[in-house]
Number of protein chains: 2
Amino acid sequence: MAQNDTVTRILDTAEVLFAERGFAETSLRTITSKAKVNLAAVNYHFGSKKSLIQAVFARYLDPFTERFHRALDALEARHGGQAIPLEELLETLAGSVLEVPAERNSLKVFMRLLGLAYSQAQGHLRRYIQEEYGGVFTRFTALIRVATPELPDSERFWRLHFMLGSVIFTFSGLEALRDIAEKDYDEHVTVRDLVRRLRPVVVAAMQAPLPPSLNAQEA
Amino acid sequence: MAQNDTVTRILDTAEVLFAERGFAETSLRTITSKAKVNLAAVNYHFGSKKSLIQAVFARYLDPFTERFHRALDALEARHGGQAIPLEELLETLAGSVLEVPAERNSLKVFMRLLGLAYSQAQGHLRRYIQEEYGGVFTRFTALIRVATPELPDSERFWRLHFMLGSVIFTFSGLEALRDIAEKDYDEHVTVRDLVRRLRPVVVAAMQAPLPPSLNAQEA
DNA sequence: TCACGTTTCAAACAAATGTTTATAACTGGA
DNA sequence: TCCAGTTATAAACATTTGTTTGAAACGTGA
């Protein structure tokens, strides 16, 4: 189909350019010329640039959330109501994230997009992602709660965001960091390498000793 | 002085707007109108928008690097050539970061700007920061290296960036996160609270067990 | 007071942006 | 074949962008 071809070509080109330069820094003309598509095609098929951005995310997040929900279903079934260990939860999350874009060989694009979703202004994007995909995140954190009963709720809340920051920050700045790492340590780092490196760090961080009591004030 | 007043007003306004919306999303007209300054003033005093962005960073990073260097001098002198414990290095870093913007009460702006420096495209910014302030970071990582001899160089490199991500992400999204935490856990979180919570997490993350060997491939 | 360098200001500039329009080309079923 | 409906295309549109210009206002030392 011709329209499908155009739509797909726009999405393929847009996601790469967005990941490389950000949303505001990527013009529709850059996208359409690189995709060999007429300028008006974006507004015709997507309506607006905002909608194009959301469509780029949906193409990744829709399959991801479905896979992740199914993986969590299986995990819960396997443990039959018992608490699921932290490592397995993290493993399942990482697995679902890694699976999705493997087909298009663009995991790094996916990660970079997630980073942009947080760091770029684009209020509409955060709202869209929260409303559309907030549910699966809520489900995941509820399971994490069961897996880490020793943590006070507020402490777990903050530590989850510490780790979320690690992941998003690292992947969204991946290109730059990779260049440095490659130059200094002479090894090419793949996203899978980073996930492997992240695993023990995240587990250790979640299980770190509690900070000194809230009331103990010192200079 | 009038020119100083104009320059300062531009910088004060620009840093807030940049932090809120990003660089590309903030126009010179928005800055100058909010700062009650003529549009041409930016190009007159700074030369270009790029230079303005760099100047915004310099106003934070210049005092910070100087303070941090002095603090590291003192720390090294105190240990007289002996290895400095990881905890003390982190403490010194945290202290220097917290000190600088305290005067202008804009720690969150500082943090958000640091986050943008990494996540936004703006190649010139990364180059500028690297060339201008790479030295102090190199010095710090060299000390961290001595404090964590058990870590392979590349592993330490990545863990440092994991933790950098935690800090920048958390503080740059502090406003939103604080609201949630306050609502859900009924406690007001100060920046110092977060630093206290971060300390054991960062230490545990740096001391986490090494990931399985690079060559061990599994499904 | 004068003159000179600095700073401000309103206006204009060229370029780039997202979007719309009107027309053409194509498509598949009657 | 012919005709609706869909898609593609080129052109134009109104804004917005960073930057430049030239003149006015200002400040300061002679």
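Values reported hereafter were calculated over all heavy atoms of this structure, with side chains retained and with hydrogens, waters and symmetry mates removed. Note that the structure is predicted; figures quoted are calculated from it, not measured. By convention in this document, chain letters (A, B, ...) are assigned in the order of the sequence lines, proteins followed by strands, and residues within each chain are numbered from 1.
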Completion exercise
note: B:Leu28, atom CG; D:dT15, atom P; distance rounded to Å ~ 21 Å

Handout entry: Modelled atom types, side-chain donor and acceptor of A:Asp193 and A:Thr190, under 3.5 Å
Key = yes

Handout entry: Side-chain N,O (B:Asn43) to OP1/OP2 (D:dG18) below 4.0 Å
Key = no

Exercise for the section: Would you indicate, yes or no, if C:dT7 has its OP1 or OP2 atom less than 4.0 angstrom from a side-chain nitrogen or oxygen of B:Thr6? Expected result: no

Fill in the blank from the handout: Taking C:dT17, C:dA11, C:dT8 as options, the one with an atom nearest any side-chain atom of B:Tyr44 is C:dT8

Practice task
Look at the side chain of A:Leu39 and decide which nucleotide, out of D:dG18, C:dT19, C:dT7, has an atom nearest to it.
Solution key: C:dT19

Exercise for the section: Would you indicate which nucleotide in D:dT17, C:dT19, D:dT9 comes nearest to any side-chain atom of B:Arg29? Expected result: D:dT17

Practice task
Quick one: label B:Thr30 by what it contacts on the DNA or RNA (base, sugar-phosphate, nothing), any heavy atom closer than 4.0 Å.
Solution key: nothing

Handout entry: A:Arg9 CZ to D:dT7 C1', straight-line distance once rounded to whole Å
Key = 13 Å

Problem - Closest listed nucleotide, where the reference is the side chain of B:Ala40 and the choices are D:dT17, D:dT19, C:dC9 - result: C:dC9

Handout entry: Protein-nucleotide distance (B:Phe23, atom CZ; D:dT17, atom P), rounded to Å
Key = 17 Å

Exercise for the section: Kindly assign one of parallel, tilted or perpendicular to the pair A:Phe18 and A:Phe23, based on the angle between their ring planes and the thresholds 30° and 60°. Expected result: perpendicular

Completion exercise
Winner on side-chain proximity to A:Lys49, out of C:dG18, C:dT8, D:dA8, is C:dG18

Practice task
Give me the ring orientation class for B:His161 and B:Phe157: parallel if the planes are under 30° apart, tilted from 30 to 60°, perpendicular past 60°.
Solution key: tilted

Practice task
Give a yes or no on whether a salt bridge exists between A:Asp12 and A:Lys34, defined as a side-chain N under 4.0 angstrom from a carboxylate O.
Solution key: no

Exercise for the section: Assign B:Thr32 to base, sugar-phosphate, or nothing according to its heavy-atom contacts below 4.0 angstrom with the strands shown. Expected result: nothing

Handout entry: B:Arg199 bridged to B:Glu91 by N-O distance under 4.0 Å
Key = yes

Handout entry: Atom-to-atom span, CD1 of A:Ile31 to P of C:dT17 - whole angstrom
Key = 11 Å

Practice task
State whether B:Asn38 places a side-chain N or O below 4.0 Å from either non-bridging phosphate oxygen (OP1 or OP2) of C:dT7.
Solution key: no

Handout entry: Closest listed nucleotide, where the reference is the side chain of A:Ser48 and the choices are C:dT19, D:dT20, D:dG18
Key = C:dT19

Handout entry: Lys/Arg N to Asp/Glu carboxylate O, B:Asp73 vs B:Arg70, below 4.0 Å
Key = no

Practice task
Could you state the atom-to-atom distance from NZ of A:Lys36 to P of D:dT9 in whole Å?
Solution key: 13 Å

Practice task
Specify the separation, in whole Å, of atom CD1 of A:Ile10 and atom P of D:dT7.
Solution key: 12 Å

Practice task
Return the nearest nucleotide to the side chain of B:His45; candidates are C:dT8, D:dA10, C:dT17.
Solution key: C:dT8

Exercise for the section: For B:Glu25 and C:dA16, give me the distance from atom CD to atom P, rounded to whole Å. Expected result: 19 Å

Handout entry: Closest nucleotide among D:dG18, C:dT17, C:dT19 to the A:Ser27 side chain
Key = C:dT17

Handout entry: Euclidean distance, atom CZ of residue A:Arg21 to atom C1' of C:dT17 [Å, nearest integer]
Key = 14 Å

